[in-house]
Structures are given as C-alpha cells and as structure tokens.
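I have placed the structure first, in the form of structure tokens, so that the comments after it can refer back to it.
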Amino acid sequence: MGNGIAHVFAQFGFEVNLIDISQDSLDRGVATITKNLDRMVSKEKITAEDKEATLSRITTFTDLASGVKDRELVVEAATENVDLKLKIFGDLDQFAPADCILATNTSSISITKIGAATKRPDKVIGMHFMNPVPVMKLVEIIRGYATSEEVTKTIIEASKSLKRVPVEVNDYPGFVANKILMPMINEAIITLYEGVAGVEEIDTVMKLGMAHPMGPLQLADFIGLDVCLSILNVLHDGFGNPKYAPCPLLVNMVTAGKLGVKSGEGFYSWNHGTKDLIVADNFKK
Ligand SMILES: NC(=O)c1ccc[n+]([C@@H]2O[C@H](COP(=O)([O-])OP(=O)(O)OC[C@H]3O[C@@H](n4cnc5c(N)ncnc54)[C@H](O)[C@@H]3O)[C@@H](O)[C@H]2O)c1
C-alpha cells in the first residue's frame with residue numbers, strides 16, 4: 001500500500017519521501033511503482049515524461065527521523081499491528097515538524113488510539129486508501145475523537161488534488177468500508193462452512209447476481225485471510241456483538257497458514273498465478 005500511496009502523491013506533483021525499514025523493501029517498492037507507471041504509459045494514461053517526473057519526485061529513506069524532518073504530511077502505511085503503529089506515531093511525533101499532519105492508512109485500528117500516542121491528536125487522521133491505490137478512487141477519511149476540523153479539511157483537499165474521492169466518516173471499529181465488507185465476507189465463509197453451497201457457487205451468485213467484480217471468497221483470498229480475521233476480531237471486540245464473530249472455518253484456515261494469494265492457497269489455489277480461478281483441494285467436490 002505504501003508504494004501505491006507514494007505513487008499517487010508523486011504522480012500529482014508532491015515531493016515524496018518513501019520510508020521503510022530496509023533498502024530491500026524500498027527497492028521492491030520503487031520497482032512496483034516503476035512497473036505500474038510503465039503500464040500506465042503503455043495504456044496511454046500518462047506519457048513517458050510523466051513517468052520520469054513522477055519517479056524523480058520520490059526519494060527513499062531507511063531512517064524515519066531524516067525522512068520526516070521537513071514534511072507537512074506523513075501517511076503511515078506500515079504493517080497492521082497496533083503496537084507497531086503506536087511506536088511509529090510516538091516517533092513521528094518526536095521527529096516530524098510540530099505542524100505536520102500525521103495520517104494513517106490503517107484498515108481497522110482506532111484513529112483516536114493512535115492519536116493518543118502523540119501530543120498532537122488534533123493532527124492525527126485516517127487516510128484509508130483502497131487497493132490497488134493508483135486505480136481505486138475512494139479515500140475513506142476517518143476523523144478521530146480529537147481530529148480538528150482544519151486538519152480534516154486539509155486532508156479532504158489533499159485527496160481531491162490526487163484526483164481521488166474523499167468520504168468523511170467517524171472513528172468506530174471498521175470505519176465504514178470494513179464494517180460492511182467484512183461481515184459480508186464472513187457470511188460467505190459461513191455459507192460455505194454450513195454446506196449451503198461450494199466456493200465457485202457462492203462467488204458466482206455474488207458476481208453475476210449482485211454485479212460484484214469478484215466474489216467474496218476470491219476477494220478474501222486477495223485481501224489475505226489473516227487480515228480478514230484480524231479486522232473481524234476488531235469489530236467483534238469493539239462492538240461486543242456476536243454477529244461479528246469470525247467463522248470457525250476462517251480461524252482454522254489462518255491457523256493452518258492458508259492465507260489466500262500471499263501463501264499460495266486459500267479458498268482457491270494460487271500457485272499458478274492469479275489469472276485462473278482453481279478451487280483449492282480442500283473445497284473440491
Ligand atoms: N493490503 C490492503 O489491501 C490494504 C488496504 C487498505 C489499507 N491497508 C492498510 O495499509 C497498511 C499497510 O498494509 P500492507 O498490506 O501494505 O502491509 P505490508 O505488510 O504488505 O507492508 C507493510 C510495509 O511496512 C514496512 N514496515 C514495517 N515496519 C515499519 C516501520 N517501523 N517503519 C517503516 N516501515 C515499516 C514493511 O517493511 C512493509 O514494506 C496497513 O495498515 C493495512 O491495514 C491495506
């Protein structure tokens with residue numbers, strides 16, 4: 001997600017400092033940005049000059065303090081782990097200029113909690129981009145309990161300048177996107193678990209019947225089953241409502257290391273790539 005966010009900011013004229021913990025990760029990030037820009041050039045969405053100009057606006061850093069020292073906005077997109085995010089925001093508060101806005105791309109962690117790890121909770125906000133960032137237009141803008149009106153307005157304007165569509169929501173578990181999406185994915189898994197229908201049948205009903213671009217089980221494999229489980233746990237803990245309880249089949253699959261595309265198998269087998277849909281052996285009839 002971090003490389004996608006850097007890509008769109010740089011494409012629309014912002015000078016970007018891309019920060020990660022290792023040079024290897026940064027090299028992989030820049031390679032992905034280059035590949036995605038090449039695709040845009042070949043589709044004639046941008047020119048070769050636009051591509052070079054975009055890349056020239058991105059500088060890489062492995063040291064957080066140097067990367068943020070002169071910034072007006074930081075968009076954090078590190079691994080989804082609450083302790084890690086709280087540590088990073090403590091550091092950002094220390095190293096970024098006092099008036100710098102600290103945004104996070106978190107999918108599920110409370111913005112209010114992240115803000116409380118800093119001395120500037122009024123300047124902490126959720127800027128939730130969708131995957132793949134260069135393609136998806138939505139940015140869910142999440143206002144924490146203490147986020148100021150001025151900061152919210154600035155981030156809405158910044159999102160518009162990236163030719164995205166910002167939508168402002170309040171800070172409750174799952175925000176809007178995942179509060180609605182994850183129960184749907186969980187219900188699809190429960191439907192499979194209860195034997196109502198198979199993997200292909202469930203996804204086909206939702207694709208052809210509801211005009212979804214991909215079925216919920218395929219989508220879960222793309223998002224990562226571990227990510228789905230962790231967001232459902234956030235909803236379950238945060239609202240204390242049993243309707244968010246993760247399906248035991250999802251829990252079992254994550255425990256078995258079947259995480260979807262990233263592990264090679266979930267509801268489908270992905271060892272051959274992501275083009276063809278082949279139902280995983282466990283779910284073959
Ligand atoms: N993957 C998605 O579809 C998606 C969609 C929307 C939002 N998000 C959110 O975006 C964030 C990142 O998700 P992802 O899927 O790209 O995660 P990822 O685990 O694939 O990538 C995280 C990156 O953060 C780096 N990182 C870890 N610790 C760091 C630190 N201390 N300082 C700097 N960099 C560090 C890692 O090296 C890695 O390159 C998460 O908060 C996630 O919830 C993900």
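Remember, predicted model here, so these are calculated numbers, not experimental data. What you see below is based on every heavy atom in this structure, not just the backbone, and it leaves out hydrogens, waters and symmetry mates. Both counts, for ligands and for their atoms, begin at 1 and track the order of listing.
Note: Leu102 CG to Thr147 OG1 = 11.0 Å, rounded to the nearest 0.5 Å. Rounding to the nearest 0.5 Å gives a distance of 4.5 Å between CH2 of Trp270 and CD of Gln218. How far CZ of Phe222 is from SG of Cys228: 12.5 Å, rounded to the nearest 0.5 Å.
In this structure, Phe222 falls outside the shell of residues with a heavy atom less than 4.0 angstrom from ligand 1.
For atom 40 (C) of ligand 1, the candidate residues are Pro132, Ser107, Ala78, Ala77; the nearest heavy-atom contact is made by Ala78. Residue nearest to atom 27 (C) of ligand 1, selected from Ile5, Leu26, Asn3, Thr79: Thr79 (by heavy-atom distance).
In summary, the side chains of Asp276 and Tyr268 do not present any donor paired with an acceptor at a separation below 3.5 Å, with no hydrogens or angles considered. Judged by distance alone, the side chains of Ser108 and Glu80 do bring a donor and an acceptor atom under 3.5 Å apart. When only modelled atom types and interatomic distance are considered, Thr47 and Asp50 share a side-chain donor-acceptor pair under 3.5 Å. Counted by atom type alone, Thr104 and Glu76 present one or more donor-acceptor pairs between their side chains at under 3.5 Å.
Counting protein heavy atoms only, atom 31 (N) of ligand 1 is closest to Ile88 CD1, 3.6 Å. Here the heavy atom of the protein found nearest to atom 3 (O) of ligand 1 is Asn131 ND2, 3.1 Å. From the protein, the heavy atom lying nearest to atom 44 (C) of ligand 1 is Met1 CG, 3.3 Å. Ranking protein heavy atoms by distance to atom 41 (O) of ligand 1, first place goes to Glu80 OE1, 2.5 Å. Ranking the protein heavy atoms by distance from atom 38 (C) of ligand 1 puts Asp20 OD2, 3.6 Å first. Taking atom 10 (O) of ligand 1 as the reference point, the nearest protein heavy-atom neighbour is Asn105 ND2, 2.8 Å. Among protein heavy atoms, atom 6 (C) of ligand 1 sits closest to Phe129 O, 3.2 Å. In terms of protein heavy-atom proximity, atom 29 (C) of ligand 1 is closest to Ile21 CG2, 3.7 Å.
For Ile223, no heavy-atom contact with ligand 1 is shorter than 4.0 Å.
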Item to check | salt bridge (charged side-chain N to carboxylate O under 4.0 Å, His left out) assessment of Asp221 paired with Lys262 | outcome: CA-CA 8 Å; Asp221 272 3; Lys262 66 179 144 188; over 6 Å; no
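Residue-to-ligand polar distances keep His128 apart from ligand 1: every N/O pair is separated by 3.5 Å or more. Residue contacts with ligand 1: Lys85 is placed with a nitrogen or oxygen under 3.5 Å of a nitrogen or oxygen of the ligand (distance criterion only). Every N/O-N/O distance between Leu84 and ligand 1 stays at or above 3.5 Å.
The protein reaches atom 34 (N) of ligand 1 closely, with a heavy atom under 4.0 angstrom from it. Counting only heavy atoms, the protein never gets under 4.0 Å from atom 21 (O) of ligand 1.
Under the 4.5 Å side-chain contact rule for hydrophobic residues, Leu181 and Val133 do not share a cluster. Residues Val75 and Met130 do not share a hydrophobic cluster, clusters being chains of Ile/Leu/Val/Met/Phe/Trp/Tyr side chains in contact below 4.5 Å.
Of all heavy-atom pairs spanning Lys179 and Tyr244, the tightest one is NZ-OH, 3.3 Å.
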